[in-house]
Protein chains: 2
Amino acid sequence: MRENPLEQARLLFIRRWGEMAASWGISRTMAEIHALLYLAPEPLCTDDVMEQLEVSRGSASTNLRQLENWALVFRIHRRNDRKEYFEAETDVWQMFEIIIRERRRREVQPIVETIERCLTLVEDGRGKSGAGGPADVDAFKKRFTEIRDFTEAMNGVFNLVSKAGRLGLKPLAKQLARLAR
Amino acid sequence: MRENPLEQARLLFIRRWGEMAASWGISRTMAEIHALLYLAPEPLCTDDVMEQLEVSRGSASTNLRQLENWALVFRIHRRNDRKEYFEAETDVWQMFEIIIRERRRREVQPIVETIERCLTLVEDGRGKSGAGGPADVDAFKKRFTEIRDFTEAMNGVFNLVSKAGRLGLKPLAKQLARLAR
DNA sequence: CTACTATTTCAGTATCTTCTGAAAGGTCTA
DNA sequence: TAGACCTTTCAGAAGATACTGAAATAGTAG
């Protein structure tokens, strides 16, 4: 079984998916479970996950719950079976949209708000005593403004790619042209 | 000094920038140093960094070195001064390009190569004994192919945004239209 | 060459994250 | 209501990451 090429591919992918996620600040085990389910031809139960990835019941439960909260994994109930089964979202563009939307909300929004606040503070500082000259104020304002403009542009790009990316480059170009008008 | 609005903005931004980076798998201190230098009106030396962020000499040295390796920070030498000073890249789009290019190389490329390898393995598995039916082979192939197509599309988007993003949406649309043709 | 100044390295430590395993909690059936 | 079965929770353990502080290294001027 282990030297079966399909099985090799499966294990290799799961391992690397976990490593990539880990380097982007997502728990390795959570990503491995996601990969396992992404490749599974049918829903798996908690014990399947525990067995295949060699993790404890607690870890499997917690990580499956998190994946469910992200809407990357769905809980499936079967008649005459008390167990819960899990199935992954398999639309890659949908996965992308979910991940970007959530991470933006949790991990980018705070800095965006902070920058707005900083711009307000900088304006407050203009002409205040001990605040450095107007040159300093302008320098700060420039730096903050540049970051804000960048985040706004990226925001637009991601929204667009989420919406039109799956359709290919042509519709993406069309949408973008409309936005740029 | 602490209640100076400019100073408040500076400290707030440095703190948040570090937090955001930490949640994306980049060392908090490294990001704080980067933010400190990004806002500094002129180059700072190691002792400035140690003092302002309250970190040890070892940490300052290591993190500055890393930022230099990323080309997000430059080392400056002054005549009649043995000390080294540091200055940040201040072009936000350039920062973006550097970060994406490096992280792609280090943390995305491995999974891309793995997927290619998986697709090869899957083809090897076709018709092999114990490998599951052709239906299984096709299912695996589909999942891997979808991820590969996605990564290729994203690759294109990032290259494009790196090149044309700073120019605004219009040139971006123009470039994209050319690509899509 | 020596003294002086600045930078790098690294073993030990601290901190943060994630996992484990077992107990507690839920839910269904007889 | 008891018993079977499954899931969740959480205190303690393990592991990963990053920091500290001091010794080693490197470079420069006299």
Side-chain angles (χ1 to χ4, degrees), chain A residues 14-37 43-70 73-87 103 106-107, chain B residues 14-15 17-37 43-70 72-87 103 106-107:
Chain A
I14 291 171
R15 193 155 6 102
R16 281 276 190 286
W17 194 251
E19 285 166 4
M20 180 177 68
S23 72
W24 287 83
I26 289 174
S27 143
R28 167 184 260 98
T29 303
M30 181 170 139
E32 284 187 354
I33 294 176
H34 179 241
L36 176 67
L37 293 173
L44 303 181
C45 69
T46 306
D47 291 85
D48 294 330
V49 172
M50 289 169 61
E51 195 182 323
Q52 295 206 38
L53 299 181
E54 301 179 270
V55 295
S56 70
R57 187 172 300 282
S59 184
S61 174
T62 304
N63 283 297
L64 283 165
R65 163 74 68 189
Q66 281 200 61
L67 284 165
E68 196 192 3
N69 288 343
W70 278 70
V73 159
F74 310 110
R75 217 169 270 253
I76 306 278
H77 291 273
R78 286 179 171 167
R79 297 193 202 304
N80 302 322
D81 192 343
R82 206 177 282 177
K83 271 214 210 62
E84 293 182 315
Y85 291 80
F86 300 88
E87 185 177 71
R103 298 205 76 171
R106 301 186 200 184
E107 296 147 6
Chain B
I14 290 171
R15 192 157 5 103
W17 193 252
E19 284 166 5
M20 179 178 68
S23 71
W24 286 84
I26 289 174
S27 143
R28 167 183 260 98
T29 303
M30 180 169 139
E32 285 187 356
I33 294 176
H34 179 241
L36 176 67
L37 293 173
L44 303 181
C45 68
T46 306
D47 291 86
D48 295 330
V49 172
M50 288 168 61
E51 194 183 323
Q52 295 206 37
L53 301 180
E54 300 180 273
V55 295
S56 69
R57 187 172 299 283
S59 184
S61 173
T62 305
N63 283 298
L64 283 165
R65 163 75 67 187
Q66 282 200 61
L67 284 165
E68 196 192 4
N69 288 342
W70 279 70
L72 290 172
V73 159
F74 311 109
R75 216 170 271 254
I76 307 277
H77 292 272
R78 285 179 171 167
R79 299 194 200 303
N80 303 323
D81 191 342
R82 207 178 280 178
K83 271 214 211 57
E84 293 181 316
Y85 291 80
F86 300 89
E87 186 177 71
R103 298 205 77 172
R106 300 185 200 185
E107 296 147 7

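Not measured: the values here are computed from a predicted model.
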Item to check | Value rounded to 0.5 Å, distance of CG in B:Leu64 from CZ in B:Phe86 | outcome: 4.5 Å

Item to check | Stepwise side chain to side chain contact (heavy atoms under 4.5 Å, CB included) test for A:Arg75 and A:Arg65 | outcome: CA-CA 9 Å; A:Arg75 217 169 270 253; A:Arg65 163 74 68 189; 4.0 Å; yes

Next on the checklist: Which residue in the set A:Leu44, A:Asn63, A:Ile14 passes side-chain contact (heavy atoms from CB on, under 4.5 Å) when paired with A:Ile33?
Outcome noted: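 One option only clears the test, and that one is A:Asn63.
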
Item to check | Range on DNA chain D touched by chain B - first to last nucleotide, heavy-atom distance under 4.0 Å | outcome: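 Contacts span D:dA18 to D:dA29, reading 5' to 3'.
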
Item to check | side chain to side chain contact (heavy atoms under 4.5 Å, CB included) evaluation trace for B:Arg57 with B:Asp47 | outcome: CA-CA 8 Å; B:Arg57 187 172 299 283; B:Asp47 291 86; 3.1 Å; yes

Item to check | B/S/- contact track for nucleotides 5-19 of chain C, protein heavy atom under 4.0 Å | outcome: BSBBB--------SS

Checklist entry - Where do B:Thr46 and B:Glu84 land on the side chain to side chain contact (heavy atoms under 4.5 Å, CB included) test, with the steps shown first? => result CA-CA 8 Å; B:Thr46 306; B:Glu84 293 181 316; 5.9 Å; no

Next on the checklist: Could you tell me if the side chain of A:Glu87 sits less than 4.5 Å from the side chain of A:Leu37, heavy atoms only?
Outcome noted: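 No - every pair of side-chain heavy atoms lies 4.5 Å or more apart.
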
Checklist entry - Taking side chain as C-beta onward, heavy atoms only, is A:Glu107 less than 4.5 Å from B:Trp24? => result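 A:Glu107 reaches B:Trp24 side chain to side chain.
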
